[in-house]
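Here the structure comes first, spelled out in structure tokens, and everything after it is commentary.
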Number of protein chains: 2
Amino acid sequence: MPENKLNSDTRERILDVAERQFMAHGFEGTSMRMITSMADVNLAAVNYHFGSKESLLCEVFRRRLTWLNHERLRVLDDLEQQAKGAPLKPSQILEAFFGTLMRIGEDESLGGMTFLRLLGRTLTDPAEFIRAFFAKEYAEVLERYKLALFRALPDVPKAEIVWRLHFMLGAMSYAIAGTDILHVITGHGIGDMSGKEEDEQSEAKKLSARLMPFLLGGLRAPLPQFSDSTRPQQVPLAKTARNQPQEKKP
Amino acid sequence: MPENKLNSDTRERILDVAERQFMAHGFEGTSMRMITSMADVNLAAVNYHFGSKESLLCEVFRRRLTWLNHERLRVLDDLEQQAKGAPLKPSQILEAFFGTLMRIGEDESLGGMTFLRLLGRTLTDPAEFIRAFFAKEYAEVLERYKLALFRALPDVPKAEIVWRLHFMLGAMSYAIAGTDILHVITGHGIGDMSGKEEDEQSEAKKLSARLMPFLLGGLRAPLPQFSDSTRPQQVPLAKTARNQPQEKKP
DNA sequence: CTATTATTAAAACGAACGTTTGATTCAGCC
DNA sequence: GGCTGAATCAAACGTTCGTTTTAATAATAG
């Protein structure tokens, strides 16, 4: 055969197919034979190139997360340099963290929605090696952004900020994963694969535009009244009120 | 041979152990042999009492969700009756929906935090039978609460409300699941089993007190500026071509 | 050309999986 | 006592899993 794929191609094809299959069926629900047959490579190719199924999953993530987390740190660095030591605004921090993520969904070469969905699902996977992998991979970024939020919201107890960072990660993961109860309401499924990538990119944009205000609203919500150290509930709300859905209550 | 309880006990013991193991290792990561050996029952007992592993998981959920969703409907009915036709406040609706859920975490006989964590994880599971099960089990409750939110926020586009309901479910699931990146920050793990039930109940209370303001803040956040130019919903997408083999690179 | 190295192919490995079988036990009833 | 039907048991079922092994193939170097 004239094709020369000595140094590549197979590897990338395995990663691409694995990414899609892990997204659609989960790690345990995806077999090596599904991956290798769909990628048109031999069964042994995965073990040859990656060593094991677990390592394959990690590599699927690493090739995307390396860019993502570097970019997140770079954007945060830029913001902090521009601010010249002043605390950043919460909206800037969220935009840097979640906006950077959403850019992946808009760019197929960065993984697209397929990778975003895989990420959303895998973040809650109970398997130990997965949690350990993410812990290592995310440690620096989370620490940096956590500190940035502490500085941005000096009057909010740190524990509260950590909780809300937690909630925001959850809202994002779940929203991204896509296959869930919500479709009971809206009535349309997601389609496991080949989901017409034509407007997947705009789908990411729409999701981002809707998720960001929600996260910001949650992050800056009034604190629970009984806060243990009883910090007065300084409420930094309504700085950027455009059109607020009103409630008939205080 | 001490007690002989022909009609029970084994069944309940299987359900209790299965609940805990599914929580700790996921559905695919939990084997029948793990369950039956830990419950001190014969391997065949699960298939005898429940028919299959999948049916076992469904039954684990059904015995808790029946109470939960009945209670959710009852509370909503009460609120709407008290309101005498007036729209409810968003905070009331969220309290009814998520507060009822949190009561499970505070009451061991309703499942406790073990069940909450299992629920949080399973809601994002890609397996088809799981999604179908939850769809059926949640359909009525979600429909009722969705309508209540529509009435409570008449000036917010319905699509936006559905999105935010989505985000809220995600924040809740993720927060509950517990085993995730956040522990990179806080530094303490969750412990797979027998996780010191001493203050699990107060843990549920703390979680609830912190989650609720966040959700309310997100729900009532300012809307994204473009309110109706793009419609992510209402796309029928009727053609669900499943399991299409991978595309050849052009 | 041969020797070498990298990659794929085909087959088989043992282990673990969910499930089924067939015998056995035991309470309750005619 | 003998029968019935629910419940439990040990053992094995056939399948699929991730991985390894062995051999063949293609490209490169000397």
Side-chain angles (χ1 to χ4, degrees), chain A residues 1-22 24-61 122 125-130 133, chain B residues 1-22 24-61 122 125-130 133 243 246 248-249:
Chain A
M1 285 315 249
E3 304 282 309
N4 183 356
K5 40 178 89 172
L6 257 189
N7 188 17
S8 69
D9 190 59
T10 350
R11 232 186 97 99
E12 288 297 312
R13 231 166 49 242
I14 290 175
L15 287 174
D16 288 341
V17 171
E19 186 173 74
R20 194 164 217 97
Q21 293 301 301
F22 286 149
H25 306 105
F27 177 72
E28 313 252 19
T30 302
S31 72
M32 303 278 267
R33 287 165 178 84
M34 288 170 58
I35 296 172
T36 52
S37 73
M38 280 186 151
D40 261 328
V41 300
N42 188 266
L43 176 59
V46 168
N47 286 301
Y48 175 79
H49 283 285
F50 303 99
S52 71
K53 187 187 178 186
E54 292 193 356
S55 300
L56 170 62
L57 180 72
C58 290
E59 191 53 37
V60 165
F61 277 105
T122 314
D125 198 294
E128 183 54 35
F129 84 95
I130 292 180
F133 174 79
Chain B
M1 262 331 204
E3 307 279 310
N4 185 0
K5 354 186 135 169
L6 267 185
N7 187 17
S8 70
D9 190 61
T10 355
R11 233 186 96 99
E12 289 297 312
R13 232 166 48 240
I14 291 175
L15 287 174
D16 288 341
V17 171
E19 187 173 73
R20 192 162 219 99
Q21 294 301 300
F22 286 148
H25 306 105
F27 177 71
E28 312 253 20
T30 302
S31 73
M32 302 280 266
R33 287 167 176 83
M34 289 169 59
I35 297 173
T36 52
S37 72
M38 278 188 152
D40 260 328
V41 301
N42 188 267
L43 175 60
V46 167
N47 290 93
Y48 175 79
H49 283 283
F50 303 98
S52 72
K53 188 187 179 186
E54 292 192 356
S55 300
L56 170 62
L57 180 73
C58 290
E59 191 54 36
V60 164
F61 277 104
T122 314
D125 199 293
E128 182 55 34
F129 83 96
I130 293 180
F133 174 78
N243 269 347
Q246 91 291 353
K248 289 285 191 180
K249 287 288 188 197

If you look only at pairs with a residue in residues 44-60 of chain B, which of them pass as a salt bridge (charged side-chain N to carboxylate O under 4.0 Å, His left out), with sequence neighbours excluded? B:R11-B:E59, B:E59-B:R62
What does B:T30 touch in the nucleic acid at a heavy-atom separation under 4.0 angstrom: a base, only the sugar-phosphate, or nothing? sugar-phosphate
Give a yes/no answer on whether the side chain of B:S31 brings an N or O atom under 4.0 Å of OP1 or OP2 in C:dC17. yes
Beyond-backbone contact of A:T36 with A:I14, side-chain heavy atoms, under 4.5 angstrom: no
What's the closest nucleotide to the A:Y48 side chain, out of C:dT8, C:dT19, D:dA6? C:dT8
Nearest whole Å is fine: how far is C:dT19 C1' from B:L56 CG? 14 Å
What's the CD1-C1' distance between B:I14 and D:dC9, to the nearest Å? 13 Å
Select one nucleotide: of C:dG18, D:dG18, D:dA7, the one nearest the side-chain heavy atoms of B:K53. C:dG18
Determine whether B:T122 and B:F27 make a side-chain contact, defined as any pair of heavy atoms from C-beta on separated by less than 4.5 Å. no
Round to the nearest Å and state the distance from B:R11 atom CZ to D:dA6 atom P. 15 Å
Please tabulate, one pair per line, each protein N/O and nucleotide N/O from nucleotides 9-13 of chain C that are separated by under 3.5 Å, including the distance.
from, atom 1, to, atom 2, distance (Å)
C:dA9, OP2, A:N42, N, 3.3
C:dA10, N7, A:N42, ND2, 3.4

Send over the distance from B:E12 CD to D:dA7 P, rounded to a whole Å. 13 Å
Phosphate OP1/OP2 of C:dA6: any A:H49 side-chain N/O under 4.0 Å: no
Ignoring hydrogens and angles, tell me if any N or O in the side chain of B:S55 forms a donor-acceptor pair with the backbone of B:G51 under 3.5 Å. no
Who pairs with B:N42 by side-chain contact (heavy atoms from CB on, under 4.5 Å), at least two apart in sequence or on another chain? B:A44
Taking the basic N atoms (NZ, or NE/NH1/NH2) and the acidic carboxylate oxygens, is any pair closer than 4.0 Å for B:D9 and B:R13? yes
Here the distance between atom P of C:dG18 and atom CG of B:N47, to the nearest Å, is 9 Å
Atom CG of A:L57 and atom CZ of A:F22: how far apart are they, to the nearest 0.5 Å? 5.0 Å
Length of the CZ-P vector between B:F50 and D:dT8, whole Å: 11 Å
In whole angstrom, give the distance that lies between atom CD of A:E28 and atom C1' of D:dC17. 11 Å
Just N and O in the side chain of A:T10: are any of them under 4.0 Å from OP1 or OP2 of C:dT8? yes
Nearest whole angstrom, please: distance from the P of C:dG18 to the CD of B:Q21. 13 Å
